[in-house]
Amino acid sequence: MTMTTAQKPKTDWRRTHTCGELRKKDVGASVTLNGWVHARRDHGGIYFVDLRDRYGLTQVVLGTEFKDAVKIGPEFTLSVHGKVVARDGSNVNKDRPTGEIEIIVERLEILSRSKVPPFQIDTDDEVALDTRLTYRYLDLRRPNVQKNLVHRSRFINAMRRAFEKQNFVEVETPILTKATPEGARDYLVPSRVHPGEFYALPQSPQIFKQLLMVAGLDRYFQVARCFRDEDLRADRQPEFTQLDMEMSFVEEDDIFKTWEQVLHETFRDAMGVDVAIPFPRMSWIDAMERFGVDKPDVRFGLELQEAGPWVPTCEFNVFKDAIAKGGRVKALVVPGKMELSRKDVEDTLTQIAKNSGAGGLAWWKAGKEGGVGPLARFCKGEQAAALMGQIGASEGDMCLFAAGPKNQVWRVLGDIRSHLGKRFQLTQPGTWSFTWVTQFPMFEWDADSKRWFSAHHPFTAPVDWDMGGADVDANSPKLGELFSRAYDLVMNGWELGSGSVRIHKTEVQQRIFSILGIGEEEQKRKFGFLLEALSFGAPPHAGFAIGLDRLTALSLGMDNIRDVVAFPKTTSASDLMCGAPSVVAPEQLVEVHIRTAIPPPKA
RNA sequence: GGGGACGUAGCUCAAUCGGUUAGAGUACCGGCCUGUCACGCCGGUGGUUGCGGGUUCGAGUCCCGUCGUCCUCGCCA
């Protein structure tokens, strides 16, 4: 809604939430209001209507002069000219602007009539998602959803300002680009001019921003749309937005400092929240050992404890076998006051453990006399006290043990820890806890295809440029022990973004490609332009990208990114509003040289 | 690709052990009401219970399939 008064200049609706909101000081002023109107009931010839601005913040009751107005539909768009008057003082609700003042209407013009809406727009009642998404443009009229988009806009603008203040240059990179092997599945676009050839939509602007570093734009950023043809989740849409950046002649520290400053200013300017900087840092291995995940929610303790040293003193073969096979035994000590029952452990938690790949969960209610639980008979005499000392448990604490390969132990206890955090509400809403997680593994072995994959991406620099020596070939298991200069930014248990120091030397890049099973020929075909670019004296560089949808959702306390995206897709990646994807005319296919038989559309 | 939950009026939901004419609130339409702000009162329209098949004397309810939405595992360099 726009509002003009004699005293007040026209307000830019993008700048303020309160523009359009009628206040007591406006009494006596002449106004023009344009907005959505939800007509209430006909009341003896008077129409009482709520005028709602585009943020849904203003509700105005029209005064008695409105009684001659024509009858109108349930929702419509209109323009009202009138005089603002104070209502009878005895009937004012002091807590809300609505009702305090009203407009005596001099002229009313219906700009646009409305059909009966498919759901009630003037309430925040729950409506089925598919209905909301089919009529997203009506859903967006609802105050709660709309304010998310306003918040998002503020966030993006604040970030842009913060980057520009640090002399970053925003550069747009192509949306029609080249398919990249590895990583996520590409969305492909057939070329009309080149029969049988395809563009791909970018999974990220990664290579382009590295080329910008070679080009000498040593402080780049971009609000970048990215596309990944993978299954959706609450925190994942097939297209999403990154705040992407890259810098030259820098290392981890410089990236961290830049982002800490940017995020500090963003939260301050967009939300008035003072985020403490610098953010704590933690190596990946510490994150895994202490929290069992690479995106730990550090707002609560309940850290994983090492039980290994105690194992040789006991007779529990499951634990001994795990250690003998090179695995680990770790524990989660749940304070007695959290009141975790035997049933909780044996039902809920055991189920979580099984979902996480464990055979089971050993539990022990700590006690100096041997405690209670399946583990109790292995905790005779001194052993009980020794175990309590080893894992830091007190009398009455519920201790949960996982044994096996370290990845599995981390996973099981990490999942259970996260469950307990939610269950016992160990986190406070409205807190923002950032952590840098550094030094991720360089490679991960894929048992199915029997080859190494990059844990981050193939352009990530190893911590050790020499990668443990020249004798490391693509078959060496040693590759699994190498660390990279990749880092993530984690907030409240969510991965917000990731980045790395990049490889800027052609030889190193070629070697990484070889380890990943990309032969010389293939390297040339797929990444020739990058390798050649690196050969022209590429500066050392590093970068980072943050998921804007996730950041916006989290900052609003939401756990689904759907409502910070104007037109989101469903879990089956379709757009219910416009009906995408859809069948196209055969002529269109012929034009782009696709002759494959198209399966008939679903019934 | 796998697992789970859900699908009943425009919307939000109910319907007992499988039982006879599928209800309520709201919305919508009509009537009454000049100070409402979830206005009130009276009346009315509105349903192939997502779709297809099966079991049964009888299915919204049970079974199978299918479609859709949500959550999740795999996947997301």
Side-chain angles (χ1 to χ4, degrees), chain A residues 38-52 59-68 71 73-75 87-88 90-93 95-102 115-135 138-139 180-186 202-204 206-207 226-238 240 351-352 354-357 411 415 440 442-444 446 448 452-460 484 486 495 498 500 512-513 516 518 527 547 559-560 562 568-574 576 601-603:
Chain A
H38 307 269
R40 293 299 177 197
R41 239 164 249 272
D42 175 357
H43 190 109
I46 296 184
Y47 288 86
F48 295 97
V49 294
D50 296 340
L51 250 183
R52 203 169 270 241
Q59 295 187 322
V60 180
V61 178
L62 301 181
T64 51
E65 299 302 313
F66 192 40
K67 69 183 168 190
D68 294 327
K71 180 135 191 188
E75 178 169 351
R87 283 195 51 199
D88 184 334
S90 63
N91 213 3
V92 166
N93 179 346
D95 298 322
R96 303 169 58 183
T98 301
E100 290 180 7
I101 50 180
E102 62 186 358
K115 291 199 295 187
V116 177
F119 52 86
Q120 281 175 262
I121 294 167
D122 55 337
T123 71
D124 278 315
D125 291 351
E126 288 274 316
V127 174
L129 252 167
D130 43 348
T131 310
R132 290 178 50 200
L133 293 183
T134 305
Y135 299 97
L138 297 180
D139 190 34
T180 51
E182 315 220 8
R185 221 171 271 120
D186 285 315
Q203 297 176 27
S204 90
Q206 182 59 34
I207 295 179
C226 305
F227 307 84
R228 293 178 190 174
D229 187 4
E230 298 292 347
D231 286 351
L232 287 86
R233 288 287 186 280
D235 61 352
R236 243 161 55 194
Q237 286 273 318
F240 61 98
Q351 194 51 50
I352 294 172
K354 285 183 176 163
N355 290 345
S356 314
R411 171 88 194 268
D415 286 354
F440 276 69
M442 185 79 186
F443 302 106
E444 279 164 7
D446 180 65
D448 290 338
W452 293 101
F453 280 87
S454 292
H456 184 49
H457 59 53
F459 318 111
T460 303
S484 75
E495 180 196 321
S498 57
S500 61
I512 297 289
F513 282 147
L516 295 173
I518 305 171
F527 298 109
D559 53 12
N560 196 305
R562 194 186 297 117
K569 293 188 173 52
T570 69
T571 35
S572 55
S574 43
L576 295 178
K602 288 175 229 162

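Chain letters run A, B, ... following the sequence lines, proteins first and then strands; every chain starts at 1.
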Using the side-chain heavy atoms of [X], tell me which of these nucleotides is nearest: [options].
X	options	value
A:Arg562	B:C70, B:C73, B:U26	B:C70
A:Arg233	B:U12, B:U72, B:U69	B:U72
A:Asp231	B:U12, B:A27, B:G74	B:G74
A:Leu129	B:U72, B:U69, B:C73	B:U69
A:Arg236	B:U69, B:C76, B:C71	B:C76
A:Ala184	B:G74, B:C76, B:U12	B:C76
A:Ser574	B:U69, B:C11, B:G1	B:U69
A:Leu133	B:C70, B:U12, B:C73	B:C70

Using atom [atom1] in both nucleotides, what's the gap between [N] and [M] to the nearest angstrom?
N	M	atom1	answer
B:U45	B:G3	P	46 Å
B:C70	B:C28	C1'	29 Å
B:A27	B:G10	P	16 Å
B:U26	B:C42	P	11 Å
B:C13	B:U34	P	38 Å
B:G58	B:G2	P	35 Å
B:G47	B:A9	P	10 Å
B:C64	B:G4	P	11 Å

Is there a side-chain contact between [X] and [Y] in this structure, where contact means two heavy atoms from C-beta onward sitting under 4.5 Å apart?
X	Y	result
A:Phe443	A:Leu516	yes
A:Thr570	A:Asp130	no
A:Phe440	A:Thr460	no
A:Asp235	A:Phe240	no

Give one of base, sugar-phosphate or nothing for [X], where a contact means two heavy atoms less than 4.0 Å apart.
X	result
A:Pro118	sugar-phosphate
A:Leu516	nothing
A:Thr571	base
A:Ser572	sugar-phosphate

Counterpart base for [N], defined by Watson-Crick or G-U wobble contacts under 3.5 Å:
N	answer
B:G74	none
B:G47	none
B:G7	B:C67
B:C17	none
B:A24	B:U12
B:C62	B:G54
B:A38	none

Expressed as a whole number of angstroms, how long is the span from [X]:[atom1] to [N]:[atom2]?
X	N	atom1	atom2	result
A:Gln203	B:C76	CD	C1'	9 Å
A:Ile352	B:G4	CD1	P	18 Å
A:Asp559	B:C70	CG	P	14 Å
A:Gln237	B:C70	CD	P	9 Å
A:Phe119	B:C11	CZ	C1'	9 Å
A:Arg411	B:U72	CZ	C1'	11 Å
A:Lys569	B:U69	NZ	P	13 Å

Closest nucleotide of RNA chain B for A:Ala128 versus for A:Arg185: which of these residues is on the 5' side?
-> A:Ala128
For A:Asp130 and for A:Ser454, locate the closest nucleotide of RNA chain B by heavy-atom distance; then report the residue assigned to the nucleotide nearer the 5' terminus.
-> A:Asp130
Residues A:Leu232 and A:Thr571: closest non-hydrogen pair is CD1-O, 3.7 Å
Heavy atoms only: give me the nearest A:Ser500-A:Ala486 pair and the separation to one decimal.
-> CB-CA, 3.7 Å
In B:C41, glycosidic geometry as syn within 90° of 0 or anti otherwise | anti
Enclosure of A:Phe453 CZ (heavy-atom neighbours >12, cutoff 6.0 Å) |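 It does: A:Phe453 CZ has more than 12 such atoms within range.
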Has A:Asn560 got a side-chain N or O lying under 4.0 Å from the OP1 or OP2 atom of B:C70?
-> no
Distance check: side-chain N/O of A:Arg132 vs OP1/OP2 of B:G10, anything under 4.0 Å?
->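 For A:Arg132, the contact criterion (side-chain N or O under 4.0 Å from OP1 or OP2 of B:G10) is not met.
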Taking the inter-plane angle between the rings of A:Phe459 and A:Phe513 on a 0 to 90° scale, is it parallel (under 30°), tilted (30 to 60°) or perpendicular (over 60°)?
->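 Taking A:Phe513 first and then A:Phe459, their aromatic rings stand perpendicular (interplane angle over 60°).
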